[in-house]
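Here the structure is laid out as structure tokens; the discussion comes afterwards.
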Amino acid sequence: MQKPTLPKGTRDFGPEQMRKRLFIFDTIRQTFRRFGFQPIETPSLENLSTLTGKYGEEGDQLLFKILNSGDFAAGVTELDLASGSKKLTPKIAEKGLRYDLTVPFARYVVMNRNSLTLPFKRYQMQPVWRADRPQKGRYREFYQCDADVVGTDSLLCEAEIVLMIHEVFRNLTIQDFTLKINNRKILAGIAEVIGAPGQEGTLSVAIDKLDKIGKEKVLNELQERGFSDETIASLEPLFLFGVSEPTEPNQILDQLKNWLSASDTARQGIAELEETLQLVNQYGLSDSTVEIDPTLARGLSYYTGAIFEVKANGVSIGSVSGGGRYDNLTGAFGMPGLSGVGISFGVDRIYDVMEELNLFPADAGQGTQVLIIPFDTEARSVALPVLRQLRTAAIAAEMYPDLSKVKKMLDYANAKNIPFVVLIGSAEVQTGVLSLKNMLTGEQLKVTTDELIQRLG
RNA sequence: GUGAUUGUAGCUCAGUUGGUUAGAGCGCCGGAUUGUGGUUCCGGAGGUCGCGGGUUCGAGCCCCGUCUUUCACCCCA
């Protein structure tokens, strides 16, 4: 006999946790539906070749690979073993667990291109796996809720993502959040203007850390990565953004226009941002909390346009949501020129945030509403039709299965947080009138079955 | 992947420089109360001290390995 354990970074969810998790899932699903997205699901397993090379080198290392079935070592030669894991892996593992929902979606779109009506809007709420070292808010198995639109480059889609983010967090009662938005074209433009064209990737990784490690260390890192003193010096205007008070989006846009006027790419990115925000305003969103952050980068290498990130304020948990536009993700699967944009909500981190801020409503997805307590077998025969009528009236009802002490059955109701109890003994059997007990107040009254249903319904 | 950190009852934690039979609170089960709970009182069950090896007359405590937890880096939901 050995004690069972869970693999690193995975968790069980009991009824109490599932009640809260389903509240999050339901809230997000509701919003996705309202915005016209349709659900799909894809397999947990993908061919490894579908996944590799889409997330950058770092991402590839975090993929869970699945050993081939049967004798996976059959075709492996001494030479293969000597050539290292990089060469060996594709020979012994042809499948892997999905790392996110966006790449499998791109694969789905390409495979179904002839039957899809474009633009195609889908949502997907499924677990993903990453072979990361677990930490606070970081797990090896976690759920993402993605909504993506492909087949249009309309900025209305970006605007709708901003709107959905607001709706989801408002409905979850996470009021205090920061939605940051930026555009990869602006980052590319910055690289151009400072005289390091095409290097926005390395540039981004460094400046993304600005609010975490500060200006000095960012500059040091850029130096180490081979940026010249001259280019670093011309980066100076960047540090004027967001350092003081959070400035108005329009002010930031003006500043960017001045600084980056020499770059066509940057001008385009700025114009896209501007239009997106304008559409959001026209929609009539009150209390919009969009913040333009020119230092927001995000690591995922496939983004080409707008990028989004949402953090909950007042808690030390990383981003709870992120996304962006990708112009050529389907190109890797032989279908170039299809633009898409999407957003991903991290259920597990949202859960952690809500738990820490105590935001779950007490009655979210309540369980059984009434427990029937029969004192003997005769009482059961009276109870069963009552059970049926309660359930027909859509009231969650159950009967205690054993004939035990009343104390024990009431304890059961308390343990399960069941607010009402119906007691049925010889008196109730004779009169047909039931005893309804409120478990919170302790008060008890005689009711007919109809009255019972009316009170609980 | 790099560097730290954690593990004792279902839960939260004590456990002396290595020394007999490892404790507490809460929870759980039973009773006081054979048709009425969340209060009280009484009683009871429950531990291969994460796992494997080593040092020692003797290890929960020391050493090595391993798994797990938490954290920083990296990256990200």
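Everything numeric here is computed off the predicted structure, so don't read it as measured data. Just so we're on the same page: letters track the sequence lines, and every chain starts at 1.
Interface remark: the A:Arg138 side chain does form a donor-acceptor pair with the B:C75 base, using a distance-only criterion of under 3.5 Å.
A:Gln389 and A:Thr449 are not linked by any side-chain donor-acceptor pair at a separation below 3.5 angstrom, with hydrogens and angles left out of the test. Side-chain atoms of A:Asp402 and A:Tyr412 include no donor-acceptor pair closer than 3.5 Å. A:Asp153 and A:Ser339 share no side-chain donor-acceptor pair at under 3.5 Å. Side-chain contact annotation: A:Asn182 with A:Tyr303, donor-acceptor N/O pair under 3.5 Å absent. A donor and an acceptor atom, one from each side chain of A:Gln124 and A:Tyr108, are nowhere located under 3.5 Å apart.
Within the 4.0 angstrom heavy-atom criterion, no nucleotide atom of any strand lies near A:Phe345. Contacts of A:Gly9 with the nucleic acid, taken as non-hydrogen atoms under 4.0 Å apart, involve only primed sugar atoms and P, OP1 or OP2. Using a 4.0 Å heavy-atom distance criterion, A:Gly59 is classed as making no nucleic acid contact. Using a 4.0 Å heavy-atom distance criterion, A:Gly137 is classed as a base contact. Looking at heavy-atom distances under 4.0 Å, A:Thr5 makes no contact with the nucleic acid at all. Heavy atoms of A:Gly318 sit nowhere under 4.0 angstrom from any nucleic acid atom. Here A:Ser426 lies in heavy-atom contact (under 4.0 Å) with a base. Residue A:Ala427 is in base contact, counting any heavy-atom pair closer than 4.0 Å across all strands shown. A:Ile418 comes within 4.0 angstrom of no nucleic acid atom, judged by non-hydrogen atoms across all strands.
Here A:Phe142 lies parallel enough and close enough to stack on the base of B:A77, with planes under 30° and ring centres under 5.5 Å apart.
Taking every side-chain heavy atom of A:Lys405 into account, B:G31 is the closest of B:U36, B:C75, B:G31. Comparing B:A77, B:G37, B:U69 by their nearest atom to the side chain of A:Met439 picks out B:G37. When the nucleotides B:A77, B:C71, B:U68 are ranked by their closest atom to the side chain of A:Tyr139, B:A77 comes out on top. Comparing atom distances between the A:Asn414 side chain and each of B:G37, B:G35, B:C75 picks out B:G37 as nearest. You'll find that the side chain of A:Lys408 is closest to B:G30, out of B:G30, B:U69, B:C76. If you check B:C74, B:G1, B:A77 against the side chain of A:Arg133, the one that comes closest is B:G1. Candidate nucleotides B:G37, B:G35, B:A77 were compared by shortest atom distance to the side chain of A:Glu428, and B:G35 ranks first.
B:C61 and B:G38: their C1' atoms are spaced 42 Å apart (whole Å). B:C74 and B:C28 are spaced 45 Å apart, taking the C1' atom of each and rounding to whole Å. Atom C1' of B:G19 sits at a distance of 7 Å from the matching atom of B:G58, rounded to the whole Å. B:U17 and B:G52 have their C1' atoms separated by 28 Å, given to the nearest Å. With P as the reference atom, B:G60 and B:U48 are 13 Å apart, rounded to whole Å. Look at the P atom in both B:U5 and B:C62: the space between them is 13 Å, to the nearest Å. The gap from the P atom of B:G25 to that of B:C63 amounts to 33 Å, rounded to the nearest Å. Annotation: B:G10 and B:G43 have their P atoms spaced 23 Å apart (nearest Å).
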Worksheet entry | Worked check of side chain to side chain donor-acceptor pair (under 3.5 Å) between A:Asp60 and A:Thr52 | CA-CA 6 Å; A:Asp60 282 359; A:Thr52 44; 5.5 Å; no
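The separation between A:Met409 atom CE and B:G37 atom C1' is 12 Å, rounded to whole Å. The distance from atom OH of A:Tyr303 to atom P of B:C76 is 10 Å, rounded to the nearest whole Å. In this structure, the CG atom of A:Asp132 is 13 Å from the P atom of B:C73, given to the nearest Å. The distance between atom CG of A:Leu371 and atom P of B:U36, rounded to the nearest whole Å, is 16 Å. Atom CD of A:Glu58 is separated from atom C1' of B:C73 by 11 Å (rounded to the nearest Å). Atom-to-atom, CG of A:Asp60 to P of B:C76 comes out at 13 Å; the value is rounded to the nearest Å. Separating the CZ atom of A:Phe420 from the P atom of B:G37 is a distance of 19 Å, rounded to the nearest angstrom. Distance, A:Ile350 CD1 to B:A77 C1': 9 Å, rounded to whole Å.
Under the 4.0 Å criterion applied to side-chain N and carboxylate O atoms, A:Glu167 and A:Arg34 are assigned as salt-bridge partners.
Mapping A:Pro7 and A:Gln444 onto RNA chain B by nearest heavy atom places A:Gln444 at the nucleotide closer to the 5' end. Along RNA chain B, the nucleotide nearest to A:Tyr143 and the one nearest to A:Lys437 differ in position, and the one closer to the 5' end is contacted by A:Lys437.
Across all strands shown, B:G10 is found opposite B:C26 as a Watson-Crick or G-U wobble partner, with both distances under 3.5 Å. In a base pair of the Watson-Crick type (N1 to N3 plus N6-O4 or O6-N4) or a G-U wobble (N1-O2 and O6-N3), with each distance short of 3.5 Å, B:C41 is matched with B:G31. Figure legend. B:G65 is base-paired to B:C51; pairs are counted as Watson-Crick or G-U wobble with both atom distances under 3.5 Å.
Within the 3.5 Å criterion, the main-chain N or O of A:Gly137 finds a donor-acceptor partner in the side chain of A:Arg349. Side chain of A:His166 to main chain of A:Thr289: a donor-acceptor pair is present (N/O by atom type, distance under 3.5 Å, no hydrogens or angles).
Put simply, A:Lys407 has no side-chain N or O that comes within less than 4.0 Å of OP1 or OP2 on B:U36. For B:C75, one of the phosphate oxygens OP1 or OP2 lies less than 4.0 angstrom from a side-chain nitrogen or oxygen of A:Lys209. Between A:Gln135 and B:A72 there is a side-chain polar atom (N or O) within less than 4.0 angstrom of OP1 or OP2.
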